[in-house]
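Lettering follows sequence order; numbering is per chain, from 1.
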Number of protein chains: 4
Amino acid sequence: MYQDDNTYPHMDAENMQVTAAGSAGSEDRRQEIVLAAFGLIASKGVEGLRTRDVAARAGMNIGTLYYYFSTKERLIQGVVDYIVQHIAVVQNAGSGAAEKTPVEVLHQHLAHLTRMLIDTPEIFRVMGELILRSERDQAIYQILKQADDDWQRYLINVLVEGINQRLFRADLDPALTAHAIMSFFKGAMLQLGLQAEELERTAAQFEGWLLDRR
Amino acid sequence: MYQDDNTYPHMDAENMQVTAAGSAGSEDRRQEIVLAAFGLIASKGVEGLRTRDVAARAGMNIGTLYYYFSTKERLIQGVVDYIVQHIAVVQNAGSGAAEKTPVEVLHQHLAHLTRMLIDTPEIFRVMGELILRSERDQAIYQILKQADDDWQRYLINVLVEGINQRLFRADLDPALTAHAIMSFFKGAMLQLGLQAEELERTAAQFEGWLLDRR
Amino acid sequence: MYQDDNTYPHMDAENMQVTAAGSAGSEDRRQEIVLAAFGLIASKGVEGLRTRDVAARAGMNIGTLYYYFSTKERLIQGVVDYIVQHIAVVQNAGSGAAEKTPVEVLHQHLAHLTRMLIDTPEIFRVMGELILRSERDQAIYQILKQADDDWQRYLINVLVEGINQRLFRADLDPALTAHAIMSFFKGAMLQLGLQAEELERTAAQFEGWLLDRR
Amino acid sequence: MYQDDNTYPHMDAENMQVTAAGSAGSEDRRQEIVLAAFGLIASKGVEGLRTRDVAARAGMNIGTLYYYFSTKERLIQGVVDYIVQHIAVVQNAGSGAAEKTPVEVLHQHLAHLTRMLIDTPEIFRVMGELILRSERDQAIYQILKQADDDWQRYLINVLVEGINQRLFRADLDPALTAHAIMSFFKGAMLQLGLQAEELERTAAQFEGWLLDRR
DNA sequence: TATGAATGAGCCTTCATTCAT
DNA sequence: GATGAATGAAGGCTCATTCAT
């Protein structure tokens with residue numbers, strides 16, 4: 001019968017590995033659709049998103065699209081999931097490598113975000129669209145809020161450790177600093193006529209403010 | 001008269017004062033419409049903006065609305081103008097009082113923005129909507145870019161003066177710092193579940209990073 | 001602004017006379033639409049009713065149709081109103097002339113219904129469609145139930161008077177007899193391959209059963 | 001086998017008994033589908049009938065359903081067959097017992113119909129839907145017309161015999177009376193807010209009209 | 001200037017039906 | 001026989017915009 005959209009989004013990467021080959025293809029199909037939708041949102045905004053265009057871009061019939069996503073709404077949620085995972089994965093990857101000092105970890109994290117902002121601004125543009133939309137869409141809000149909380153927690157951990165090691169300024173409030181970093185990056189994607197170099201240097205200067213200058 | 005929408009975006013506040021008394025009422029009418037549109041964008045986003053709703057909210061017929069704004073597009077530009085002036089006016093007001101040190105000026109500026117973000121988040125929400133939209137709408141981009149440049153120039157001036165007076169850190173790059181401040185505030189409006197106090201303290205801490213600690 | 005569908009259907013013939021000329025034309029337009037819908041239901045059933053076809057048949061744009069009837073549902077209710085009034089009016093007209101004996105009144109009533117069933121079977125076919133639909137549509141049920149109650153009351157009045165005058169069988173239960181008459185006519189419209197003469201004679205015989213044979 | 005839908009409408013109950021055991025299961029499957037469709041028509045009308053829902057209710061895949069019924073149209077015809085047989089069987093059962101006077105036979109017949117109308121109104125509701133549809137569907141018309149003719153013939157037989165035995169009114173026209181009875185019952189199912197007791201008493205009174213009162 | 005009726009392109013979604021496995 | 005993915009033609013409804021009055 002119809003696939004229950006609700007269950008799909010909650011499948012995490014691990015589950016998908018275990019899934020039988022049959023539904024693996026099905027999951028691929030969903031991915032194709034989500035990617036098509038993502039691309040269209042990036043270029044036309046959620047406002048300009050048309051299910052027909054998504055289907056066309058994914059190389060399938062409009063009916064098929066609705067077979068996988070019973071609603072445009074759900075499709076958009078699928079895009080949110082995609083983005084969140086896409087960025088979350090990166091954070092995990094970063095935390096995978098140990099041995100590094102908190103300063104180095106934070107540096108890499110910020111450098112990575114800066115890189116993404118420059119190389120794949122679409123992701124952030126789409127993210128912006130979705131954040132704005134989340135104000136009127138509970139489902140999206142939930143997902144994004146969760147991701148945001150994870151991000152903040154990650155930053156706080158790094159900051160706390162760095163402060164303890166006397167690498168970051170002693171008067172740094174970890175939570176507020178995390179907050180500031182997050183705001184800074186979210187805002188960076190709203191900068192008009194953003195320049196790559198300018199952003200990198202701004203981020204670097206920002207990073208400097210956090211360090212302990214003895 | 002202003003029926004000719006094409007001239008409108010180039011009109012600044014002064015011009016409007018000078019306008020003949022006859023069309024003053026006409027201008028009021030436009031304002032009502034813009035305000036109605038603003039309110040609707042705040043609650044439903046540009047995506048959810050319907051000319052009919054705007055007309056209804058402004059207490060007029062849909063036909064009448066089109067008499068003042070020949071296009072939905074132009075109406076939105078009207079909203080952009082409105083917002084830009086609304087914030088610009090504030091900056092001017094702030095700079096009106098002299099005698100204050102750059103640190104005090106910046107502090108007041110930041111405090112003011114923080115207050116607005118907390119008290120009238122709609123303005124920022126709408127601003128966010130419009131910034132995102134500006135990526136696909138040249139006319140909007142132009143207006144916002146102009147306002148952004150003005151803002152940055154203002155910040156740079158304050159920062160330069162403060163650095164010269166050894167009030168701000170000597171190693172501060174004025175342009176990048178202005179950039180950071182702007183990003184921070186733009187991003188703040190995208191924070192999910194923003195808390196008033198948290199924002200105030202984050203802004204305060206941020207401010208502290210700029211000061212010279214000898 | 002939009003016309004409130006709810007108010008229109010409740011306007012009865014008198015009110016419309018009083019209404020300003022402006023909305024009289026508007027009411028005409030609604031009538032055209034309802035007639036078009038009626039015709040289409042008659043030939044294709046409610047199931048086959050397409051708003052686009054209705055608009056085309058009424059010689060107007062689909063958007064215009066929705067300007068008058070905000071919903072297909074409401075349009076159908078409009079048809080129900082139309083039919084109910086169409087038949088109700090007839091009953092009133094019949095009762096207008098006095099001087100007749102109850103037997104004559106009933107005879108004319110039945111003869112009239114029979115005639116309609118033969119001459120304009122569409123009305124009854126559509127009625128049948130709507131009655132069936134009323135089981136799943138409260139709004140329609142209400143209107144039809146009201147009309148039904150009126151009809152029954154009318155029949156009971158005639159019957160009671162006739163019984164008192166010893167014209168109808170003394171053992172006639174007015175309510176049940178009215179019920180029987182109503183069922184008979186409703187059922188007549190469901191007869192397959194209905195023949196005019198056959199129906200007339202059946203109705204006549206039925207009528208005979210009600211008379212007092214001393 | 002019966003996969004060939006074309007032959008199906010012409011199969012009568014006996015043929016099905018004779019069918020090879022192998023396809024008996026197949027026939028069961030068809031029955032399940034028809035029953036599911038019947039139930040759905042009862043609650044949502046033919047208009048609301050969805051092949052997918054039917055399949056779901058019958059606990060099978062939509063593709064499987066189409067294996068048994070190549071078309072929605074044919075499925076509906078299957079329902080018509082089912083109903084006709086369901087009611088026809090009853091009539092035969094009634095006529096199975098002899099020894100009874102025509103008055104008793106008719107009484108039992110009417111009582112039985114009344115009972116069904118009260119206990120299983122769905123059957124009649126569905127019947128109504130199908131009769132209406134028969135006006136636009138030759139195949140359905142044929143089946144229903146056949147059943148109707150059988151019913152009328154049955155009634156005429158009983159009536160004629162009763163008249164000859166001076167049990168029914170002498171002036172009764174058998175054909176017209178049968179016609180009246182049939183109309184009455186068909187119409188009874190269209191009564192809004194039908195009450196069990198009311199119907200029974202109306203039917204009883206109706207019955208009384210047919211009797212010879214010397 | 002104001003009104004509201006009219007237009008029509010277009011959008012989301014549904015649903016009967018097919019087909020490869 | 002059974003499954004479920006795929007198809008595509010509609011269908012109901014919306015909405016920016018126009019125009020006669």
Please state the P separation for the pair E:dT1 and F:dT21 - nearest whole angstrom. 22 Å

Candidate nucleotides F:dT7, E:dT1, E:dA16, ranked by approach to the side chain of D:K72 - the nearest: E:dA16

Atom pair distance, as rounded to whole Å: CD in C:E73 and C1' in F:dG12: 12 Å

List the atom pairs, with distances to 0.1 Å, where a side-chain N or O of residues 54-63 of chain C and a protein N or O form a donor-acceptor pair under 3.5 Å, not counting sequence neighbours.
unit_1: C:N61; atom_1: OD1; unit_2: C:G63; atom_2: N; d: 2.6

B:Y82: partners by ring-ring contact (aromatic ring centres under 6.0 Å, His included), with sequence neighbours left out: B:F38, B:H86

Heavy-atom closest pair, residues D:I140 and D:L130: CG2-O, 3.8 Å

Among F:dC13, F:dG1, F:dA9, find the nucleotide with the atom closest to the side chain of A:I62. F:dA9

Measure the distance from CD1 on A:I76 to C1' on E:dT13 and round it to the nearest whole Å. 15 Å

If I take atom OH in residue D:Y68 and atom P in nucleotide E:dT18, what distance separates them, rounded to the nearest angstrom? 18 Å

When rounded to the nearest 0.5 Å, the distance separating CZ of C:R125 from CD1 of D:I131 is 13.5 Å

Heavy-atom nearest pair, B:S134 first then B:Y141, reads O-CB, 3.5 Å

CG of C:L75 versus C1' of F:dG12: gap in Å, rounded? 12 Å

Determine: side-chain N/O of D:N61 to OP1/OP2 of F:dA2, distance under 4.0 Å, yes or no. no

Just jot down the salt bridge (charged side-chain N to carboxylate O under 4.0 Å, His left out) partners of A:R52, sequence neighbours excluded, or say none. none

Take the protein atom CZ of A:R29 and the nucleotide atom P of E:dA20, then report the distance between them rounded to whole Å. 16 Å

At a heavy-atom distance below 4.0 Å, what parts of residues 46-56 of chain C sit against DNA chain F? C:L49, C:R50, C:T51, C:R52

Could you tabulate the donor-acceptor pairs under 3.5 Å formed by side-chain atoms of residues 41-51 of chain A, not counting sequence neighbours?
unit_1: A:S43; atom_1: OG; unit_2: A:G39; atom_2: O; d: 3.4
unit_1: A:S43; atom_1: OG; unit_2: A:L40; atom_2: O; d: 3.3
unit_1: A:E47; atom_1: OE1; unit_2: B:R133; atom_2: NH1; d: 2.8
unit_1: A:E47; atom_1: OE2; unit_2: B:R133; atom_2: NH1; d: 3.1
unit_1: A:R50; atom_1: NH2; unit_2: A:E47; atom_2: O; d: 2.7

For C:M60 and for D:G63, locate the closest nucleotide of DNA chain E by heavy-atom distance; then report the residue assigned to the nucleotide nearer the 5' terminus. C:M60

Phosphate oxygens OP1/OP2 of E:dT7: is one of them under 4.0 Å from a side-chain N or O of C:T64? yes

Quick one: A:I33 CD1 to F:dT7 P, roughly how many Å, whole number? 11 Å

Taken to the nearest whole Å, CZ/D:F69 to C1'/F:dA2 is 16 Å

Length of the line joining A:L65:CG and F:dA9:P, which is rounded to integer Å: 17 Å

Does D:E32 pair with D:R29 as a salt bridge, N-O distance under 4.0 Å? yes

DNA chain E stem ranges, 3 or more consecutive Watson-Crick or G-U pairs under 3.5 angstrom: E:2-21 with F:2-21

Compare side-chain N and O positions of A:Y66 against OP1 and OP2 of F:dT7 and report whether any pair is under 4.0 Å apart. no

Evaluate the salt bridge (charged side-chain N to carboxylate O under 4.0 Å, His left out) criterion for residues C:E73 and C:R136: first the C-alpha distance (whole Å), next the side-chain angles of each, then the deciding distance (0.1 Å), finally the verdict. CA-CA 12 Å; C:E73 187 79 355; C:R136 276 164 257 117; over 6 Å; no

For the pair C:R30 (side chain) and C:Y68 (backbone), establish whether a donor and an acceptor sit closer than 3.5 Å, ignoring hydrogens and angles. yes

Is there a side-chain contact between D:Y67 and the phosphate of F:dG1, meaning an N or O under 4.0 Å from OP1 or OP2? no

